[in-house]
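What follows is a set of notes on a single structure, which appears directly below.
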Amino acid sequence: MATGIRDKVAILGMGCSEFGERWNCGSEELMVEAFQECLTDAGIEKNEIQAAWLGSCFDEVNIGKSALPVSMTLRLPNISVTRVENYCASGTDAFRGAVYAVASGACDIALAIGVEKLKDMGYGGLPEFSSLMGVVNQLSMANMTAPGAFAMLATGYAAKYGLDIQDVRRAMAHVSVKSHANGFLNPKAHLRKIVTEEQVLNAPQIAYPLGLFDCCGVSDGAACAIVTTPEIAKSLGKKDLVSVKALQLSLSNGTELAYNWDGAHFVTTSKASTAAYKEAGIKNPRDEISMMEVHDCFSVTELVTMEDLHISERGQAPRDVMDGFYDIDGGVPCQVDGGLKCFGHPIGASGLRMLYEMYLQLHGRAGDRQLKDPKIGLTHNLGGFPFMNVCSIAIVGKYGE
Amino acid sequence: MVGITSYGGYIPRYRISRMVIAQNMAWYSPVIMAAASGEKSVANWDEDAVSIAVAAAYDCMTGRDRKALDGVSLASTTLPFADRLNAGIVAMALNMKEDGVSNADFTSCIKAGTTAAISALESIEAGSKNNVLVVASDQRRTKMATMVEMFFGDGAAALLFGKDDVIAEFKGSHSISCDFIDHYRGTGRAFDYGWEERWQRDEGYGKIIPLAISGFLEKTGMQIDDFDKVIYPCYFAGTHKEIAGKLGINKEKIQNNMHAVCGDTGTAHPFVMLVAALEEAKPGDKLLLASFGQGCDVMAFEVTDKIKDFKGPRGIKGSLANRVELASYQRFAKFRDLIVTDLGIRGEANPNTPLTVLWRKRKLLFGLIGAKCRKCGTPQIPAMPVCVNPDCCAVNEFDEYEFADREATILMFTGDMLSASIDPPAIYGLIGYDGGGRTMLDFTDCDLNQVKVGMKVRMSFRKRYFDERRGFTGYFWKAIPQSEGGDA
């Protein structure tokens, strides 16, 4: 009988580069920036790492295929390295590889690193991906972009709950206003600027009904984690350990797109969060989760995700958002570091960046945005589209609590 | 009895007022003011001679068994492929049989439609075929500020020929074939090259059509007065009238050349005008049809009692009524690729079309054919080896299931300004078909302000992309929201 991952693996150290338009950096410099911080934090030598996982999504921009870019860049000692690509869940999935390797006893110390160098394309948004989704989709799927794919969710959500689209937009605007306020406090964030609800609502339209401020930053960046067993971490003199409580993935199987979906929720997030709470021993997430970093690629994604994390009731996320429940001083602070919206979204790094914030908060090292005594943090990624996606959820907390 | 057993037509939804063209371009060529009355039909940017032919063919085959067709002929001078049977694309979109079927392109001359019709009728008379669909279409690009830009519209019409339930009996034909060149388009050239108008109308239309009709009457012993409608294309209004005068045709018997409502649709025009005549015809009416282009084909039909029971499709009348004014000349010019705009770096992606996949997935990619699970009955698209119903997951237990004829409902949608599009925003959404099955499709012929969740959509075969590097046109089905009217 599987016992789950809870408390089997501890985070020994973490690092995260500054996110943003890093015109002077390639994926190599970004990886080294995150890795050096991580290695210093872990307090070990590079040669003690026994296996590594690299998360990156768009290999055709800058970095290239395979796990060689990380092995070559960090001059790893010819250890096993695996590249993981699972859309926006790539970073968390790389972390899962390292965590599972340690939990299985296959190795003592493992590295997970995520990186994305997007600003070598020459245009805004993500790379054109019609030809990257498989050949049948290339020849038949709508002429879609990421904002368009998620924008549709807002129309589906409004229709399902009989809401005026302007009311949904207002809640979406609050999501972005809150993330901008949080990101302003974070020195590593890509976008550090306060915005108002009016500004968000009046911004140029990107994909109806999403405006510019409903969309997250497209950024360069890297983040990484070194993991080991709690026993080894203690033997290395670490105290107040942060351990992994749950790690879950859930992938679409085609029902949303081709069978029976209400168009107003994330099937995978709903399943992954249920499994993650069970694995972590969480009974009431609304009370037990101290803080979250969710996949706010678009404001509507975050809004709807609150219901699939079973923290807001179905149809009630707009009310909770407008009540400030997810604000930094709310019941479950969300995107405390600014989120994808303002910290930025270098795809392969994002899952690890979220864990980095949870790790800092749990260690009381989050500076101006430090929350009071957080115990459990949840991170969430959604790669792909509302109707066809990869969802990853990680829960971390203080070891033994 | 051999003759027409069904008809269909398609005029694109956009119409541009000729006054709008004149207001924009008469500074360059004041002579176009002379033709600045009425409006012409404009194919959307994602339409071409093949896609509008498919629309007319579906219209003609409404409620009929497409598997019973022995062949489809496509007549057009603006076909997207010089070597690849264009009629074959129409046949795949219609989900016709492949075995025992013979399809053909008739091209290089705007009378190709009537030539294809005569050939189809001869094969039926000879007994070698029973049901032949002939579709004529044209979507001609014209240079800016020219008379032909004023005259030409886009359109298609289809005629089904056979022996059973004939609504208009074929009463004979006569042809003149000669190398009279009023205009030509050299291989690889985008635009027609025309001789002066005097030559085209006085020595061309004005002489050859009367000569061919007189020849027909002489050959058959019929009189011009026997006919209730005489149908012939000629976009020169004066010449159109003069032809009637030469032949002694009463004014009310001349079929309108449709200059006011859609313009001259080239190869399609004799069929478009004939379909318009059939839409008004009563049993016993005799119709005389003539075409023009390196000669002239003349064909006679007599409408039968069966026309009373004929359930008319949308036809020319219906598609003319489905009209939206294109107020912007620039937008028209962009649709025809006459002006250069910046599609952005995102628009530079140029994936090659894998011909292997086009063949393997042709049922899906051309016919919009999915599957219905034999175990749980779930309709689904695309057809995959494992049933999409998670409670079923039957493997390889499917029957073919057509979606192209089905209505669907919008479940979610957007208008995307980021997508590289010739006509932004790119509108698309998830649709659920009546009876089950759902898919994500591009929308077309719609206005974002009018699209709503819950709105009905119909399927339309459209151009999806043009690969400029390799000259390949890709097609797929799109959804047309069924809104009333709407702004261009």
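Letters A, B, ... are given to chains in the order of the sequence lines, protein chains preceding strands, and every chain is numbered from 1.
For B:Thr439, the part lying under 4.5 angstrom from a heavy atom of chain A is the backbone only. Proximity to chain A is limited to the backbone of B:Leu411, based on heavy atoms less than 4.5 angstrom apart. The part of B:Leu364 that comes within reach of chain A is its side chain, from C-beta onward, which places non-hydrogen atoms under 4.5 angstrom from that chain. Both the backbone and the side chain of B:Arg346 come within less than 4.5 Å of a heavy atom of chain A. Only the side chain of B:Leu448 comes within less than 4.5 Å of a heavy atom of chain A; its backbone N, CA, C and O stay farther away. Neither the backbone nor the side chain of A:Pro386 comes within contact range of chain B; no heavy atom of the residue lies under 4.5 Å from a heavy atom of that chain. If you measure heavy-atom distances from B:Ile381 to chain A, the contacts under 4.5 Å come from the backbone alone. Contact of B:Val388 with chain A is made through backbone and side chain together, with heavy-atom distances under 4.5 Å. For B:Asn350, no part lies near chain A; criterion is any non-hydrogen pair under 4.5 Å. In this structure, no portion of B:Phe443 lies under 4.5 Å from any heavy atom of chain A.
Partner of B:Tyr401 under the side-chain hydrogen bond (donor to acceptor under 3.5 Å, both in side chains) criterion, chosen from B:Lys372, B:Gln380, B:Arg406: B:Arg406.
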Practice prompt. Test salt bridge (Lys or Arg N to Asp or Glu O under 4.0 Å) on B:Glu47 and B:Arg13 and set out the steps.
Written response: CA-CA 11 Å; B:Glu47 295 185 296; B:Arg13 171 174 171 266; over 6 Å; no

Discussion item. Show, in sequence, the C-alpha distance, side-chain angles and deciding distance for A:Gln199 and A:His180, and conclude whether the side chain to side chain contact (heavy atoms under 4.5 Å, CB included) test is met.
Written reply: CA-CA 12 Å; A:Gln199 271 176 291; A:His180 272 269; over 6 Å; no

Worksheet item: Stepwise, does the side chain to side chain contact (heavy atoms under 4.5 Å, CB included) test hold for B:Phe366 with B:Val54?
Response: CA-CA 11 Å; B:Phe366 294 95; B:Val54 170; over 6 Å; no

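Checked for salt-bridge contact, A:Asp308 and A:Arg314 meet the test: a charged N lies under 4.0 Å from a carboxylate O.
Contact tally against chain B (heavy-atom pairs below 4.5 Å) for A:Phe387, A:Trp261, A:Tyr259: the top residue is A:Tyr259. In terms of heavy-atom pairs under 4.5 Å with chain A, the best-connected choice from B:Gly415, B:Ala420, B:Gly437, B:Pro351 is B:Gly415. Between chain A and the residues B:Arg464, B:Lys478, B:Lys452, B:Met417, the largest count of heavy-atom pairs under 4.5 Å involves B:Arg464. Contact tally against chain B (heavy-atom pairs below 4.5 Å) for A:Gly156, A:Ala207, A:Ala142: the top residue is A:Ala142. By number of non-hydrogen pairs under 4.5 angstrom with chain B, the leading residue of A:Glu128, A:Lys160, A:Met121 is A:Glu128. Ranked by non-hydrogen atom pairs under 4.5 Å with chain B, the options A:Asn260, A:Val136, A:Ile165 are led by A:Asn260. Ranked by heavy-atom pairs under 4.5 Å with chain A, the list B:Leu358, B:Thr353, B:Leu418 is led by B:Leu418. Looking only at heavy-atom pairs under 4.5 Å with chain B, the residue among A:Gly263, A:Ser140, A:Ala159 that has the most is A:Ser140. When each of B:Gly454, B:Ala426, B:Pro390, B:Gly436 is checked for heavy-atom pairs under 4.5 Å with chain A, B:Pro390 comes out on top.
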Do any side-chain atoms of residues 145-154 of chain A form donor-acceptor pairs under 3.5 angstrom with protein atoms, and if so which ones, sequence neighbours left out?
from     : atom 1 : to       : atom 2 : distance (Å)
A:Thr145 : OG1    : A:Gly148 : N      : 3.3
A:Thr145 : OG1    : B:Asp416 : OD1    : 3.3
A:Thr145 : OG1    : B:Asp416 : OD2    : 2.4

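Under the 6.0 Å distance and 45° angle rule, B:Arg458 does not count as a cation-pi partner of B:Tyr58.
Within 6.0 Å of atom CD in A:Glu313, 12 or fewer heavy atoms from other residues, nucleotides or ligands are found, so the atom counts as exposed in its surroundings.
The aromatic rings of B:Trp477 and B:Phe461 stand perpendicular to each other, their planes meeting at an angle above 60°, with 30° marking the opposite boundary.
Aromatic ring centres of A:His345 and A:His295: separated by under 6.0 Å.
Checking side-chain atoms of B:Arg462 against main-chain N and O of B:Asp46 turns up no donor-acceptor pair under 3.5 Å.
The stretch residues 408-429 of chain B participates, sequence neighbours left out, in these ring-ring contact (aromatic ring centres under 6.0 Å, His included) pairs: A:Tyr208-B:Phe413.
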